[in-house]
Engineer: 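Here it is: the structure, laid out below.
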Amino acid sequence: MNLLKIRKQRSNIPAIQNSCNSNQFVKFVFTQQTDIPAIQNSCNSIKFVRFVFILFLFFPLFLSAQNISIIPLPKSIVKTNGQFQLNSNTIIGMNSNSLLPQAHYLQKELQKTTGMFIEVDPNEVKALIDLQLVKRDELPGSYTLKIESNKIVITSSGNEGIFYGLVSLLQMLKTQPVGAIVNIPNCEINDAPRFQWRGFMLDESRHFFGKEKVKQLLDWMAFYKLNKFHWHLTDVDGWRIEIKKYPKLTSIGGIGNKTDSTAEARYYTQADIKEIVAYAAERFITVIPEIDMPGHATAANKAYPEYSGGSINKYPNFTFDPANEKTYQFLADILKETNSLFPAGMIHLGGDEVALGIQAWAGKPAIMDMMAKNRFTSLADLEHYFFRRMADTVIGMNDKILCWDEAAETDLPANKTIVFWWRQNVPSQLQLALQKKYQVVLCPRLPLYFDFVQDKSHVSGRKWVGTFNSISSVYNFPYKEFPADQLQSGQILGIQANIWTELVGSEKRLDFMIFPRMAALSEASWTDSANKDENSFNERLRSDFVLYDKAGIYYFNPLDPSMHPEAIDFAPKIIKPLVKEKHHKRGHKSRLSERHTKSSHTKAKQHHPKTSGKQKIKHH
């Protein structure tokens, strides 16, 4: 109850409870299915009458307050008497024409949710749903939503906050019965985000999902007030972004995926990207592209082999060639076209796991000459040189450089760099990034990699020394082990979940791995830790399950794991121990053979064989 304040409940309920038989009292209040005369006979009649009056006056208020189901949980909800009746005569107005896009967004969503067409009129005098920009000092995204019987008012110092107020209103609507009139309980909500970076990353190099699926994910991100969409568009298995200066990147580099190297080329045209970026912007979501370098470059090198850094066993053409001067111009051209498509003001350059293929550099005479000329003492020095040069290209376009935590070892400008800490088993990289004054996004494998399994019964996906990423572990991140002063500092921007799609080839499995963990991510990134309540979250989540069903989303239900069996795209390899049977008289097996038979369990082949123990594992 500390998370939901209810006004006007000033009667002494404990005194009434103490004056009545406790068992009957509890039974009556919480089930309302008991013997009323028995209660009456066991209570002082005057107090009983007072109790019944108070109960019927305030208990419906309590129940309706409990029915306010919003994820992420707002900072404060104060329930008041009455309800607002939404109908076709309701008008949306505003005190600034700059709010027209938000008003039209609400109009469209109300029509989808209720079937009603609600008029938008910039004349604020007529407004029954009034959007108001106000001058006040508050965090970006903060808002106040006040619902009274005659009017709904949403106020904020910025358009983003108005949008989030609309989202909370829409969440309340979606849990109410739909008809000619929709009743919305009166309340006042004051809210603000905990973190400014509330991110989600989708890998479409390994498997491609397409424009409509991305839009659906953006809709759910907006529903959960997530605001950064990190788009992993290039990697070993496919190049997914059209670059007009280098058409073979998509016509050749776009061929294949993780499980079918001959699959037809699939990628996003520049028109597709502009459409998706605009769609996201309408929902206050920034789209950040990732062009991975100098490693994870196989798809690009398949298209333009002259820029390959060479091959080694298991990692053919994994890197770009740092000794070829034309490589830098090639990548600079790509980054400039990319920058023209994404107004985010930031580009993710990857920078991870270069060590997997870096030994190929050691066998190239031009690279050895370059190292000698620059007095580099290790291949890592050359890697850092490469990354700094490409970072300079990004800075030259007035963008920020985003990178995985390996690149924290490169000397980059602190005010232009954001490091993504993903290796939870290497906390020193987080500390290094903070020491260098880089801004940081927390996205550790545990618990924020959504390609990891989410329940002990699941067999397809990754684990870390037997640990999986349950919805509870996502909800409770960041853990208490993170110093409060670090979390509250401006250096830690927020948190992000990532889904790598080696084992995700269908929309059904993609949904199963994302939902409802995206809801937990939402509350982890928005709601202050002091206000978080996992039991309350689980109850509110039940309302969202209904919405998932309506949207045709195949989700994992952690409250009833058997409801939706695990969606598996690529069957795990079954490993059976080889046992030589010893035949005895009467045809029975030996005791040894029998023990092996009973203990033989199916074992899922780990897609990344190095995901257990202390060995270094593959990131993607």
Side-chain angles (χ1 to χ4, degrees), residues 69-72 105-116 166-167 169-179 182 200-204 206-226 229 231 257 266 268 272 275-276 279-280 282-283 285 450-451 453-455 457-458 460-461 471 474 497 499-501 503-523 537-571:
S69 179
I70 297 174
I71 295 175
Y105 177 86
L106 177 60
Q107 181 187 51
K108 287 187 292 185
E109 291 300 311
L110 287 175
Q111 191 164 17
K112 284 195 292 187
T113 302
T114 67
M116 299 179 195
L166 298 179
V167 169
L169 176 62
L170 288 166
Q171 285 203 19
M172 293 175 67
L173 273 168
K174 289 182 178 181
T175 60
Q176 302 301 321
V178 175
V182 179
F200 176 75
M201 190 219 76
L202 175 66
D203 163 24
E204 286 203 84
R206 277 47 179 263
H207 287 102
F208 184 88
F209 298 95
K211 182 167 62 176
E212 294 309 311
K213 188 60 184 178
V214 168
K215 284 184 175 181
Q216 185 191 49
L217 289 174
L218 291 169
D219 283 337
W220 283 105
M221 286 180 66
F223 184 81
Y224 286 128
K225 301 185 177 79
L226 301 175
F229 178 56
W231 210 358
N257 56 47
R266 300 194 69 187
Y268 292 99
D272 291 334
E275 181 181 338
I276 289 169
Y279 191 86
E282 186 183 23
R283 289 150 181 78
I285 297 169
F450 284 4
D451 49 309
V453 299
Q454 54 194 317
D455 186 78
S457 65
H458 295 167
S460 181
I471 188 171
V474 175
I499 184 161
W500 305 101
T501 57
L503 292 179
V504 182
S506 68
E507 291 187 16
K508 180 179 180 180
R509 177 162 171 82
L510 184 68
D511 288 345
F512 186 81
M513 302 304 283
I514 292 173
F515 297 97
R517 287 189 287 191
M518 181 182 277
L521 171 70
S522 163
E523 198 142 308
F537 170 76
N538 287 333
E539 286 305 310
R540 284 175 282 122
L541 193 58
R542 294 180 190 275
S543 298
D544 287 7
F545 290 161
V546 177
L547 302 180
Y548 296 165
D549 290 331
K550 288 180 181 178
I553 286 176
Y554 190 84
Y555 58 94
F556 173 62
N557 185 343
L559 309 179
D560 181 10
S562 64
M563 179 179 176
H564 289 152
E566 182 182 10
I568 300 175
D569 287 338
F570 310 106

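One is the number of the first residue; the rest follow in order along the sequence.
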Engineer: Would you check if the side chain of Arg540 reaches a backbone N or O of Ile70 as a donor-acceptor pair within less than 3.5 Å?
Structural biologist: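 Yes; judged by distance alone, with no hydrogens or angles, the pair exists.
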Engineer: Thr501 and side-chain hydrogen bond (donor to acceptor under 3.5 Å, both in side chains): which single residue from Asn257, Asp569, Asp203 fits?
Structural biologist: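 The residue from Asn257, Asp569, Asp203 that satisfies side-chain hydrogen bond (donor to acceptor under 3.5 Å, both in side chains) with Thr501 turns out to be Asp203.
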Engineer: Contact between Ile71 and Tyr224 at the side-chain level, heavy atoms closer than 4.5 Å - yes or no?
Structural biologist: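 Touching, per the 4.5 Å side-chain cut-off.
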Engineer: So that I know where these two stand, are Phe515 and His564 an aromatic pair - ring centroids less than 6.0 Å apart?
Structural biologist: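 No, ring centres 6.0 Å or more apart.
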Engineer: Taking all heavy atoms of Pro558 and all of Phe545, pick out the closest pair and write down the distance.
Structural biologist: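 Reported closest heavy-atom pair: CD-CZ, 4.0 Å.
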Engineer: Tell me, please, whether Phe450 has Arg517 positioned over its six-membered ring: NZ or CZ under 6.0 Å from the ring centre and within 45 degrees of its axis?
Structural biologist: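 Relative to the ring axis of Phe450, which defines the angle, Arg517 lies inside both limits.
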Engineer: Under the side-chain contact (heavy atoms from CB on, under 4.5 Å) rule, what do Arg509 and Val504 come out as? Steps first, then yes or no, please.
Structural biologist: CA-CA 6 Å; Arg509 177 162 171 82; Val504 182; 3.9 Å; yes
Engineer: So, for Val453 and Ser460, which heavy atoms are closest and what is the spacing to 0.1 Å?
Structural biologist: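 Closest approach of Val453 to Ser460, heavy atoms only: CG1-O, 3.3 Å.
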Engineer: Going from CH2 on Trp231 to CE on Met201, what distance comes out if it is rounded to the nearest 0.5 angstrom?
Structural biologist: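 Trp231 atom CH2 to Met201 atom CE measures 12.5 Å (nearest 0.5 Å).
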Engineer: Of all heavy-atom pairs between Val178 and Thr114, which one has the smallest distance, and what is that distance?
Structural biologist: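 Val178 and Thr114 have their closest heavy atoms at CG1-O, 3.6 Å.
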Engineer: First locate atom CD1 of Ile471, then atom CG of Asp455, and finally report the distance between them rounded to the nearest 0.5 Å.
Structural biologist: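 Spacing of CD1 (Ile471) from CG (Asp455) equals 11.5 Å.
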Engineer: Please walk me through it: do Tyr555 and Asp549 pass side-chain contact (heavy atoms from CB on, under 4.5 Å)?
Structural biologist: CA-CA 9 Å; Tyr555 58 94; Asp549 290 331; 3.2 Å; yes
Engineer: Lys213 and Gln216: side-chain donor and acceptor closer than 3.5 Å?
Structural biologist: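 Short answer, yes.
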Engineer: Could you measure the distance from the CG atom of Leu166 to the OH atom of Tyr105? Nearest 0.5 Å is fine.
Structural biologist: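 Between atom CG of Leu166 and atom OH of Tyr105 there are 8.5 Å.
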Engineer: Between the side chains of Glu275 and Lys215, is the shortest nitrogen-to-carboxylate-oxygen separation below 4.0 Å, so that they form an ion pair?
Structural biologist: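 A salt bridge is present here (some side-chain N lies under 4.0 Å from a carboxylate O).
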Engineer: Starting at NZ of Lys508, measure out to CG of Leu510 and round the result to the nearest 0.5 Å.
Structural biologist: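 Reported to 0.5 Å precision, the distance equals 13.5 Å.
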Engineer: Nearest 0.5 Å please: distance from the NZ atom of Lys174 over to the CG atom of Asp544.
Structural biologist: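 Between atom NZ of Lys174 and atom CG of Asp544 there are 9.5 Å.
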Engineer: Hey, are the side chains of Leu218 and Phe229 touching, using non-hydrogen atoms and a 4.5 Å cut-off?
Structural biologist: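 Counting from C-beta outward, Leu218 and Phe229 do come under 4.5 Å.
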Engineer: Could you tell me the separation between the CZ atom of Arg206 and the CD1 atom of Ile499, rounded to the nearest 0.5 Å?
Structural biologist: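 The distance works out to 12.0 Å.
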Engineer: Determine whether Met116 and Val182 make a side-chain contact, defined as any pair of heavy atoms from C-beta on separated by less than 4.5 Å.
Structural biologist: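 Yes, close enough: below the 4.5 Å cut-off.
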Engineer: What heavy-atom pair brings Gln454 and Met513 nearest, and what distance separates the two atoms?
Structural biologist: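 So the two residues come closest at NE2-CA, 3.8 Å.
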Engineer: Run the side-chain contact (heavy atoms from CB on, under 4.5 Å) test on Leu106 and Leu170 for me, step by step, so that the C-alpha distance in whole Å, both residues' side-chain angles and the decisive distance to 0.1 Å come before the verdict.
Structural biologist: CA-CA 8 Å; Leu106 177 60; Leu170 288 166; 3.8 Å; yes
Engineer: Go through it in stages, so that I can follow the logic: the residues are Tyr279 and Asp219, the test is side-chain contact (heavy atoms from CB on, under 4.5 Å), and I'd like the CA-CA distance, side-chain angles, deciding distance and then a yes or no.
Structural biologist: CA-CA 9 Å; Tyr279 191 86; Asp219 283 337; 2.7 Å; yes
Engineer: For Tyr548, which of Phe223, Tyr554, Trp220 qualifies under ring-ring contact (aromatic ring centres under 6.0 Å, His included)?
Structural biologist: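 Exactly one candidate clears the test, Trp220.
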Engineer: If every non-hydrogen atom of Gly505 is compared with every non-hydrogen atom of Phe570, which pair is closest and at what distance?
Structural biologist: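 Between these two residues, the closest heavy atoms are N-CE1, 3.8 Å.
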Engineer: I'd like to know if the side chain of Thr113 reaches the main chain of Leu110, judged simply by a donor and an acceptor atom lying under 3.5 Å from each other, with no hydrogens or angles considered.
Structural biologist: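 No; zero donor-acceptor contacts below 3.5 Å.
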Engineer: Determine the minimum heavy-atom distance between Asn557 and Met563, stating which atoms define it.
Structural biologist: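 Looking at all heavy atoms of both residues, the closest pair is ND2-SD, 3.2 Å.
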